[in-house]
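Below is one structure, written out as structure tokens, with a few remarks after it.
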Amino acid sequence: MDKQTINEFGIDGFTLMEIAGTRAADFILSEIPNSSHGLFFCGKGNNGGDALVIARLLSQQDYDITVCFLSRRDDLSADAGKNLKLLQKLDVEIEILDWDDFTLNKTEYDFVVDGMLGTGLNSDVRAPYSDAIEWLNKQDIPTFALDVPTGLHADSGRILGTVVQADFTLSFGALKTGFYLNEGFDTAGEVILCELSFPNKYKKPTAYLIDEPWVEANSPSTQTKKHKYDGGVLYIVAGSEGLTGAGILAAKSAWSAGLGAVVLITPKGLLEIYEKQLIQIIKKPVGSRDDMYFKESHVESVLDILQGKPGKLLIGPGLGRQKETIHFTQKILQQFGGDAVIDADALFALSQWENWEKPEEAHWILTPHPGELKGIAKQEVNDDFERFQIASKLAQQEDYTILSKGMPSIVATTKETPYMTGYDTRIFSRAGFGDVLAGKTGAFWLKYEASELACFHALLDGHQKTMESDKPTGQLEPLDII
Ligand SMILES: NC(=O)C1=CN([C@@H]2O[C@H](COP(=O)(O)OP(=O)(O)OC[C@H]3O[C@@H](n4cnc5c(N)ncnc54)[C@H](OP(=O)(O)O)[C@@H]3O)[C@@H](O)[C@H]2O)[C@H](O)CC1
Ligand SMILES: [K+]
């Protein structure tokens, strides 16, 4: 976007830098009282240039300014060099140091601006940048990272050697996927978007953030259904001996999403467990009383039930990994041509199924945690950036939707641009929480039709309930977010 705005559109980099610096200075002005003393670490590129603009603007607002260069001043990029000259023309006292003159035991700074490296980072952070980062991370004063915390890779969120722990990241022109992948989420601090004058026609997002207002604005208003079957039925095929909890959580979760009709299909041997736990849910037993898990002999009767009232299928929670259940699951997926949320052990069954074919007319939403994604993708998923890329590619080539649980949660569809959460969703990979998410995903799919909206609402619903709970996240139980 930078390059196209500068070279094609015709707003030069120096002007963009002035805008970036102005936006950032406005934010710092709102956070840090005047006459505070700011330390500006400047690299040699345009990230450093941004910092020099801010130093100049804040010096006119009665702040004390110290600028410390991490590279030789005659190495400065053209725009950064121009800004150094402007700084030196001012009539206010500005302390300008090189790293060699910087004394590490100084404590009179009230805040730090990290203008060392931005999107130009191309390898592990070299000295003396790494030394400055080490010193900076020891200070307990507000740290404002410009564009990207130095050391964080803007695309992947990987740390290259070492990284600035920022309180705020002032991101210029666009948010970066790296803020939400790998270590980005825990190092960028509060991310503030500082708009630049990039024309929208140059904006090709590599991802969209799933956020509440956008999802609400893009969700059809669902009029309340007259009869409980109007919205369709969520058929849940779940459970096995010792793993009935998953089916119970998924069914309760779907019900609590306001779904009129939830039908739990279960091996007959487990029926009385559900009778006690799921009063308002319709139970449909298959097989005989000594069946404690699904077998191939149940396929026909399950398919008959699914041919009943129109609806969608959620298959997987607590199914278990018996060979017979795996074959049962593969047959159901092969013959049920409808919409299915494939979760938990059903994903395992899918991963064990050599060259499976999704029925042409079927739509699937897969909800893998990172380990299950590896099984489905049949390749290593080494970190969140790879997970982001693999989920996106897989959804497009296999023509289904993937809700890849983890941090962030990523929703990949057949469209090329995936979506991801900008907030912590690590909770959904924990036992029990995945069942709640799966139940909500099935329910919201019936409610909102579009598969990605189902995923967004399920994720946002879980997030809202997590935030509303007065329990600390670590002590939350799945039932707390139902
Ligand atoms: N381009 C624009 O119109 C705008 C850019 N903005 C800001 O500019 C930065 C990107 O600036 P850039 O000059 O491309 O790169 P950086 O400032 O991030 O990096 C500067 C140089 O640092 C060297 N470098 C790279 N990796 C390392 C490392 N691991 N250790 C030490 N030094 C490193 C590298 O030079 P070398 O010759 O040493 O390779 C970089 O060139 C962007 O982030 C924005 O902050 C404006 O905000 C908007 C307009
Ligand atoms: K930076």
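Counting convention: from 1, in listed order, for ligands and their atoms alike. All figures in this text were calculated on a predicted structure; none of them were measured in a lab.
- Rounding to the nearest 0.5 Å gives a distance of 14.0 Å between NZ of Lys176 and OG of Ser156.
- No side-chain N or O of Ser35 forms a donor-acceptor pair with one of Asp62 less than 3.5 Å apart.
- Applying the side chain to side chain contact (heavy atoms under 4.5 Å, CB included) rule to Glu134 yields the partners Lys138; only residues at least two apart in sequence or on another chain are considered.
- Within a 6.0 Å sphere centred on CD of Glu93, heavy atoms belonging to other residues, nucleotides or ligands number 12 at most.
- In the candidate list Thr119, Leu160, Asp50, Asp147, Asp50 is nearest to atom 6 (N) of ligand 1, counting heavy atoms.
- The stretch residues 13-40 participates, sequence neighbours left out, in these ring pair (Phe, Tyr, Trp, His ring centres under 6.0 Å) pairs: Phe27-Phe168, His37-Tyr109.
- A donor-acceptor pair shorter than 3.5 Å cannot be found between the side chains of Ser351 and Lys378.
- Tested against Asp114 for a side chain to side chain contact (heavy atoms under 4.5 Å, CB included), the candidates Leu146, Val164, Leu39, Thr169 yield a single pass: Val164.
- Listed by atom number, the atoms of ligand 1 under 4.0 Å from Ile6 heavy atoms are 3 (O).
- Residue Leu16 has at least one heavy-atom neighbour below 4.0 Å for each of these atoms of ligand 1: 3 (O), 49 (C).
- For atom 41 (O) of ligand 1, the nearest protein heavy atom lies 4.0 Å or farther away.
- Between the side chains of Ser469 and Asp480, no donor-acceptor pair of N or O atoms lies under 3.5 Å.
- Leu117 CD2, 3.7 Å is the protein heavy atom nearest to atom 19 (O) of ligand 1.
- At a heavy-atom cutoff of 4.0 Å, ligand 1 is contacted by both the backbone and the side chain of Asn47.
- For ligand 1, the atoms sitting less than 4.0 Å from at least one non-hydrogen atom of Leu196 are 48 (C), numbered in the order shown with element in parentheses.
- No side-chain donor from either of Arg426 and Ser429 sits under 3.5 Å from a side-chain acceptor of the other.
- Between Tyr129 and ligand 1, not a single N/O pair is under 3.5 Å apart.
- Ligand 1 places these atoms under 4.0 Å from at least one heavy atom of Ala20: 47 (O).
- Of all atoms in ligand 1, listed by their number and element, those nearer than 4.0 Å to a heavy atom of Ser123 are 28 (C), 29 (N).
- Close N/O approach between Met17 and ligand 1 is not found [any backbone or side-chain N/O within under 3.5 Å].
- Under 3.4 Å from the K ion (ligand 2), one finds the following protein N/O/S atoms: Asn47 OD1, Asp114 O, Asp114 OD1, Asp114 OD2, Leu117 O, Leu146 O, Val148 O, Thr150 OG1.
- Here the shortest heavy-atom distance to atom 39 (O) of ligand 1, taken over Asn122, Asn46, Asp124, Val148, belongs to Asn122.
- Taken to the nearest 0.5 Å, the CG atom of Leu58 stands 11.0 Å off from the CG atom of Asp64.
- At least one N/O-N/O distance between Gly118 and ligand 1 falls below 3.5 Å.
- Proximity of Asp2 to ligand 1, defined as any heavy-atom pair under 4.0 Å, is confined to the side chain (atoms from C-beta onward).
- When heavy-atom distances to ligand 1 are checked against a 4.0 Å cut-off, Lys44 comes that close only through its side chain, counted from C-beta outward.
- For atom 30 (N) of ligand 1, the nearest non-hydrogen atom from the set Arg23, Met1, Arg126 comes from Arg126.
- Looking at Asp155 and Thr177, their side chains never bring a donor and an acceptor atom within 3.5 Å of each other.
- Residue pairs meeting the side-chain hydrogen bond (donor to acceptor under 3.5 Å, both in side chains) criterion with at least one partner in residues 449-468, sequence neighbours excluded, are Glu212-Gln464, Ser219-His457, Thr401-Ser451, Lys415-Glu452, Lys440-Asp461, Asp461-Lys465.
- Distance from atom 14 (O) of ligand 1 to its nearest protein heavy atom, with residue and atom name: Gly120 CA, 4.2 Å.
- Counting only N and O atoms by type, the side chains of Asn182 and Asp383 include a donor and acceptor under 3.5 Å apart.
- Of the residues Val215, Ile410, Thr425, the one that meets the side chain to side chain contact (heavy atoms under 4.5 Å, CB included) test with Ile210 is Val215.
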